[in-house]
Amino acid sequence: MKFVAFHLMPFRELPADFEETYPSVWVTPPKKLYDPKKGHRMYHDYLDELEFEVDLGFDAVGVNEHHSNAYGLMPSPNLMGAILSRKVRHSDQTSLIVLGNSLASYNPPIRVAEEMAMLDVLSGGKFIAGFPVGTSMDQNYAYGINPAELRERYYEAHDLIMKTWKTDEILTYNGKYNQFRYINPWPRPAQRPHPPVWIPGGGSVETYDFSITHNYSFSYLSYFGHKYAKKVMDPFWERNDELGADRNPYKAGYCQMICLSETDERAQIDYEGHVRYFFNKCLHVDRRVAEAPGYRTVKSLRAGLTSQFDGTQKSASRMLKDGMGWQDLIDHGFIVAGSPATVRDIMRESLQDMRVGNVVCLFHIGSMPHWLVQKNMQLFAEEVKPYLSDIYSEWDHSAYWPKGYAQEQEVEMTE
Amino acid sequence: MAQPSEQLIVANESVTFAVKVAGQGKPVVYLHGAGGLTWDPFLDELSNHYQVIAPQIPGTGNSSGLENIRDLWDLVLCYYDLFDGLGLDSATVIGHSLGGMIALELAASDQSRVKQIVAIAPTGLFKDEEPVPDLFAMLPDEVANIMVADTASPVAEMLRYMPRETEKRIEATIQRMQNMQAAAKFLWPIPDKGLGRRMHRIKAPTLLIWGQQDRFIPVSYAEDFCRGIIRSELVVIDQAAHLVTLEQTEQVLEAVKGFVGAYQDDAYGRVNG
């Protein structure tokens, strides 16, 4: 079992009336709400937290990309990755994952091949490359990419990056959106032929197929926890079996908010306000800018509308709007919260049930102060993780996790 | 209401148009707006006077191949191919909103293919001081309300209509999304794709029709089009907004008939000859 300590880097101090006064946390949150002095403190607290996670021996530390977003203050996750690489390089347990770069918005896309190769070299071959399509808020509304072109641009960028990573030849590329005479990015990655690739995404068949056929690791990154993830992981494994692929659990991951205290009661006292801050403010997204026409394929749209209109499946956001108590949040799996024993039990069961080898753990939630994040992470690393590490230990994770410097380079260095 | 017939015209190897046809007389091509093609009372009236030929933009209705069209230039070429398929050397084109922009682009790119243009509140220009609102960031009811002068009118109600039955509701929502998706392909994120730099090339007589209360593309845009297009005239209709053809059908029809009838088929050649 592998645990990624993941950070969104939210703005911790949105006003109490944020969700009543402002239309959206994403795309249109007023910039005047961002105080750079507070932002300075937050960035460094968050980096300290991620560095502490390296000390605690997590399997990876991870960051991601958002734009015009008050709960995700990393328009450039690679900058944060660069800082973290300085510590990761000394660790014999912890890898670095950027989950990831939204490929369609990098122009030219080989910029991703370059920067990720830099991170791979900086970290000493301990880098995992995440390739999300990106949300409609980020890609279409904040970055202006035509929704009709988004997925094509994504697939073309992916093609370009993987082609250049897999060869030392200078390439020419005549694509629909990209034309190059000379593709020859320096540096090349430390891992050969390239860092492991993870695909964060929602539950669409297109994404499953893409991930499974390329043998990438698929991560379902929702904020609604293990019971929702189960609804995505089941069809993922079904599709995996249909395609005749092996059932290696490390080709699947999901995101979970975790709240650990000494006791179950204490966890509610410690975390409830911060969890509510996250669900009320950080998920306050204006419907107007939530999905551009053409962002989803008609197939995905029809599936989504069917469950929305026929009332069989109440959406997570609907449940939140209707009001959920602390115990509801736990019962529905949105959060895993309580004493180490409680968290161990819930996670052992759900991880086996879902067949996921990777958990993208959120230890910082909403408005949590630095000390509480440290407590949360430390309790997990010491009281939970060691008791779950045996799960799926019989499987080989090496296709989905970093392998360090390529053999040929080691030979060169010893000569 | 006369039911139009539907023909499938293969424009080229990657795009096929579904074309609705009704009426007798001089052929006029009608290009619909971002809301998709509905055989509405305006088209019905129009088909009492002309043969109305109304293609659906690829990706909507039974028209296909949107994914094969790269950009606006490609789209324009597809319409010329469609004209070939329809046997139209040079056509009278009426276009509303997005369709108005396409009509003007067709006339600017190849001056021989468009005889006359009626552009009803066309998209295609964008002014920083009076920006066109973001059609793709509006809730369905907001779209309905901004498009009409009177939000309590039957036209507004028709726009807001959504079937109750689940199956129909899903299909209606998907259809609306497909219409918007096709429109977004050529209008995202700002509905200015360079027509302002090309419109001086439009030599065909052009009638611009605008609703006085248009809050989507304000009437000041009409003046910019008038200034930019050499042989243009403008009719502004009161008590109407962006959906002027439905809000003041009679007045629009009169303006169209007066304009289309005023130019005989050889007028274009004579003026330029």
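Order of the sequence lines fixes the chain letters, A, B, ..., with proteins taken first and strands second; residue numbering starts at 1 for each chain.
Note on A:Gly294, A:Ala292, A:Ala290: by heavy-atom pairs under 4.5 Å with chain B, the leading option is A:Gly294. Interface remark: of the candidates B:Glu67, B:Met180, B:Arg176, B:Arg169, B:Arg169 forms the most heavy-atom pairs closer than 4.5 Å to chain A.
Checked against a 6.0 Å centroid threshold, the rings of B:Phe17 and B:Tyr79 count as neighbours. Here A:Tyr155 and A:Phe210 bring their ring centres to under 6.0 angstrom of each other.
Contact of A:Asn140 with chain B is made through backbone and side chain together, with heavy-atom distances under 4.5 Å. Heavy-atom distances place no part of B:Glu167 under 4.5 Å from chain A, backbone and side chain included. For B:Asp134, the part sitting under 4.5 Å from any heavy atom of chain A is the side chain, from C-beta outward, and nothing else. In this structure, the portions of A:Tyr141 lying under 4.5 Å from any heavy atom of chain B include both its backbone and its side chain.
A side chain to side chain contact (heavy atoms under 4.5 Å, CB included) with B:Ile94 holds for exactly one of B:Val29, B:Ile120, B:Leu31; it is B:Ile120. A side chain to side chain contact (heavy atoms under 4.5 Å, CB included) with B:Phe186 is found for exactly one of B:Asp74, B:Thr123, B:Ile69, namely B:Ile69.
By the 6.0 Å contact criterion, NZ on A:Lys299 is open, its count of non-hydrogen atoms from other residues, nucleotides or ligands being 12 or less.
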